[in-house]
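Below is one structure, written out as structure tokens; comments come after it.
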Amino acid sequence: MSVTNSEIAVMFEELADLLEIEGANPFRVRAYRNAARAIADNPKRMTDLLAEGQDLARLPGIGKAIAAKIEAIASTGTLRQLADVKRRIPEAMGRLMHVRGLGPKRVKTLCAALQVRSVEDLQRALRSGRIRELEGFGEKTEKLIAQGLQQVAADERRTSWSVARQIAEPLVDYLRAVEGVRHVTVAGSYRRHRDTVGDLDILVASGKGSQVVQRFVAYEDVVRVVAQGRTRSSVILRSGLQVDLRAVPESSYGAALLYFTGSKAHNIAVRKIAVRRRLKINEYGVFRGDKRVAGKTETEVYAAIGLPFIEPELRENRGEIEAAEANALPDPIQLRHIKGDLHCHTTASDGMQTLGDLAKAAQARGYEYVAVTDHSKRLTVAHGLNVRRLRRQIAAIDRLNEKLDGMVVLKGAEVDILEDGTLDLPNDVLAALDLTVCAIHHRFELSRHKQTERVLRAMDLPCFNVLAHPTGRLLGERAPYEIDLERIMQAARERGCFLEVNAQPQRLDLSDTLCMLAKEIGVKVAVSTDAHRATDLDFMELGIHQARRGWLERTDVINTRSLGSLRRLLGRH
DNA sequence: GCCGTTTTCGGCCCGACTGTTTTCAGTCG
């Protein structure tokens with residue numbers, strides 16, 4: 001079994017943690033962290049790139065030394081340098097770095113003075129009350145570490161974007177009502193529309209920062225104030241979510257928005273360009289010497305370093321800076337481009353809405369079409385349709401369409417891809433449909449090779465249209481199954497098939513980087529909600545966020561097409 | 001350890017907040 005990118009990335013992260021505790025050159029440590037991120041972000045497997053004879057040192061953030069280390073990991077499954085440092089520094093100390101309030105220096109001190117080498121040791125040391133007696137530590141620091149330890153589990157749990165929105169919106173309304181507040185924006189990964197957020201970063205434009213901070217910490221959902229200064233504060237809400245607030249004067253709002261939106265990697269890349277131009281960018285503006293030359297809007301800040309505005313979803317330092325410099329940024333898809341939903345369930349299988357409800361809900365959103373795609377018979381828990389029931393549904397949809405004005409209900413099915421690569425319903429009935437949405441719902445544990453062959457075989461069938469939720473991941477619950485999506489995407493392009501961006505908040509599968517891969521390979525996608533009730537149609541917005549993060553444009557997404565054009569694409573002939 | 005519009009050496013983003021300090025180190029984002 002070959003090593004995955006995330007496994008390689010974890011090894012470099014661990015190496016960085018341990019070396020940092022050891023006091024290694026901080027730039028070397030950063031290089032390992034940058035490499036870990038570059039590897040984790042890359043949708044293509046390092047092992048596959050190596051097998052193709054590609055030079056990994058050509059990837060940004062990876063040079064000759066790290067490329068050689070990746071090769072070693074690929075061939076041996078281990079990294080010698082990591083094993084070496086683990087002999088010098090107990091492995092568990094790396095995890096201590098993830099306790100809020102502990103960095104490399106404090107971890108090192110705790111180890112030297114109190115023999116703290118693990119989370120359990122740390123708990124013991126806290127109980128003994130000896131931490132406060134260490135030089136450079138004190139009672140407050142001890143308390144900070146104790147709280148950090150309690151939060152460790154919560155910190156590892158990220159919040160889905162849609163849940164974060166439910167928490168963020170009332171807080172934003174509350175802050176907008178504070179006297180003197182001009183603008184409030186939830187920045188950070190929330191504004192970049194990542195599928196999950198670790199915390200909320202709220203930026204406020206106000207001439208009276210400390211007043212805003214005082215009102216902020218008094219918000220009814222705040223259970224703990226982590227930090228409180230004149231312009232900046234951090235709190236923990238009842239939900240466990242941390243919220244960081246920053247207040248700046250209106251004249252700095254653009255620069256602060258850029259800074260607080262991130263990503264960190266994007267900011268660093270932007271500031272490096274500024275340095276090359278003998279400028280300095282901070283959250284207050286763009287400076288040439290002491291003279292401020294920009295800062296009120298983000299557009300102004302980007303312009304100061306010769307770049308066009310970059311959409312927040314693109315700010316991950318995944319090539320957007322280079323694209324901006326070359327004036328080749330994508331024009332990301334928007335919600336208003338969507339003309340219909342291609343994956344929806346009704347009460348015929350496991351949905352909560354009738355056929356009529358679904359049609360009405362789709363029409364209310366101004367759609368030209370909506371596809372009914374109930375489950376096939378293997379999925380008995382979802383009351384999947386057999387041939388007889390599917391034929392009955394087809395007839396019912398025909399009758400409904402005769403009555404509908406201005407919208408068409410498409411006949412479809414979400415068909416199980418069986419283990420042998422056949423589909424769960426026979427060809428003749430599938431041929432009577434407008435489209436099929438095919439998916440894996442069992443045997444997730446097959447080897448990468450077998451899983452890939454399974455889908456490729458299914459895709460050879462003429463009635464296969466869209467591969468639904470292509471990795472099967474459930475955020476925070478279930479990892480993606482092993483599958484070679486690069487091969488699948490190539491095969492899909494050759495056969496006229498498509499991949500889905502499933503807009504369910506816990507799926508959002510394809511992921512952002514896999515959307516980028518789809519675009520690179522040239523296979524188009526469907527952004528679909530997998531709706532089980534009428535309100536689920538609103539998940540479309542989340543799918544659009546993900547598609548935008550994956551650089552997808554209107555023409556990359558098939559359900560931006562008018563009905564006639566869509567039908568031609570689904571024909572496969 | 002990476003990288004190159006001061007290019008193979010010598011840099012590497014930048015500032016706020018806190019605690020324990022009398023001027024700053026550590027951590028965080």
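Chain letters run A, B, ... following the sequence lines, proteins first, then strands; residues in each count from 1.
- Only one option out of A:Asp199, A:Asp195, A:Thr196 pairs with A:Arg158 in a side chain to side chain donor-acceptor pair (under 3.5 Å); it is A:Thr196.
- Of the residues in residues 259-270 of chain A, those placing a heavy atom less than 4.0 Å from an atom of DNA chain B are A:Tyr259, A:Lys264, A:Ile268, in numerical order.
- For the side chain to side chain donor-acceptor pair (under 3.5 Å) test, residues two or more places apart in sequence or in another chain that qualify with A:Tyr253 are A:Thr185.
- Going from the P atom of B:dC12 to that of B:dT6 covers 14 Å, rounded to whole Å.
- Proximity of residues 29-47 of chain A to DNA chain B (heavy atom under 4.0 angstrom from any strand atom) is restricted to A:Arg30, A:Ala31, A:Tyr32.
- To the nearest 0.5 angstrom, A:Ile8 atom CD1 is 13.5 Å from A:Glu13 atom CD.
- For residues 221-245 of chain A, every residue pair satisfying the salt bridge (Lys or Arg N to Asp or Glu O under 4.0 Å) rule, not counting sequence neighbours, is listed here: A:Asp221-A:Arg238.
- With a 3.5 Å ceiling on both atom-pair distances, the Watson-Crick or G-U wobble partner of B:dT27 is B:dA16.
- Straight-line distance between the P atoms of B:dG15 and B:dT21: roughly 27 Å, to the nearest whole Å.
- Remark on DNA chain B: of its neighbouring residues A:Tyr284 and A:Leu134, the 5'-side contact belongs to A:Tyr284, judged by nearest-heavy-atom nucleotide.
- Separating the C1' atom of B:dG26 from that of B:dT20 is a span of 11 Å, rounded to the nearest Å.
- Under the 3.5 Å distance criterion, with hydrogens and angles disregarded, no donor-acceptor pair is assigned to the side chains of A:Thr513 and A:Asp41.
- Partners of A:Phe216 under the ring pair (Phe, Tyr, Trp, His ring centres under 6.0 Å) rule, at least two apart in sequence or in another chain, do not exist in this structure.
- Relative ring orientation between A:Phe12 and A:Tyr32 is described as parallel, the plane-to-plane angle staying below 30° on a 0-90° scale split at 30° and 60°.
- Shown here are the side chain to side chain donor-acceptor pair (under 3.5 Å) partners of A:Arg277, two or more places apart in sequence or in another chain: there are none.
- Residues satisfying the side chain to side chain donor-acceptor pair (under 3.5 Å) criterion with A:Glu135, sequence neighbours excluded, are absent altogether.
- The ring pair (Phe, Tyr, Trp, His ring centres under 6.0 Å) analysis of residues 51-90 of chain A, with sequence neighbours excluded, yields no pairs.
- Protein chain A touches strand DNA chain B; the 5'-most and 3'-most nucleotides with an atom under 4.0 angstrom of its non-hydrogen atoms are B:dG1 to B:dG29.
- Taking atom C1' on both nucleotides, B:dG29 is separated from B:dC13 by 12 Å, rounded to a whole Å.
- For A:Arg87, the side chain to side chain contact (heavy atoms under 4.5 Å, CB included) partners are A:Asp84, not counting sequence neighbours.
- In summary, the side chains of A:Arg191 and A:Thr261 do present a donor paired with an acceptor at a separation below 3.5 Å, with no hydrogens or angles considered.
- Sorted by first and then second residue, the side chain to side chain donor-acceptor pair (under 3.5 Å) pairs with a member in residues 18-30 of chain A read A:Glu20-A:Arg33, A:Glu22-A:Arg88; sequence neighbours excluded.
- Of all the residues in residues 285-322 of chain A, not one reaches under 4.0 Å from DNA chain B with any non-hydrogen atom.
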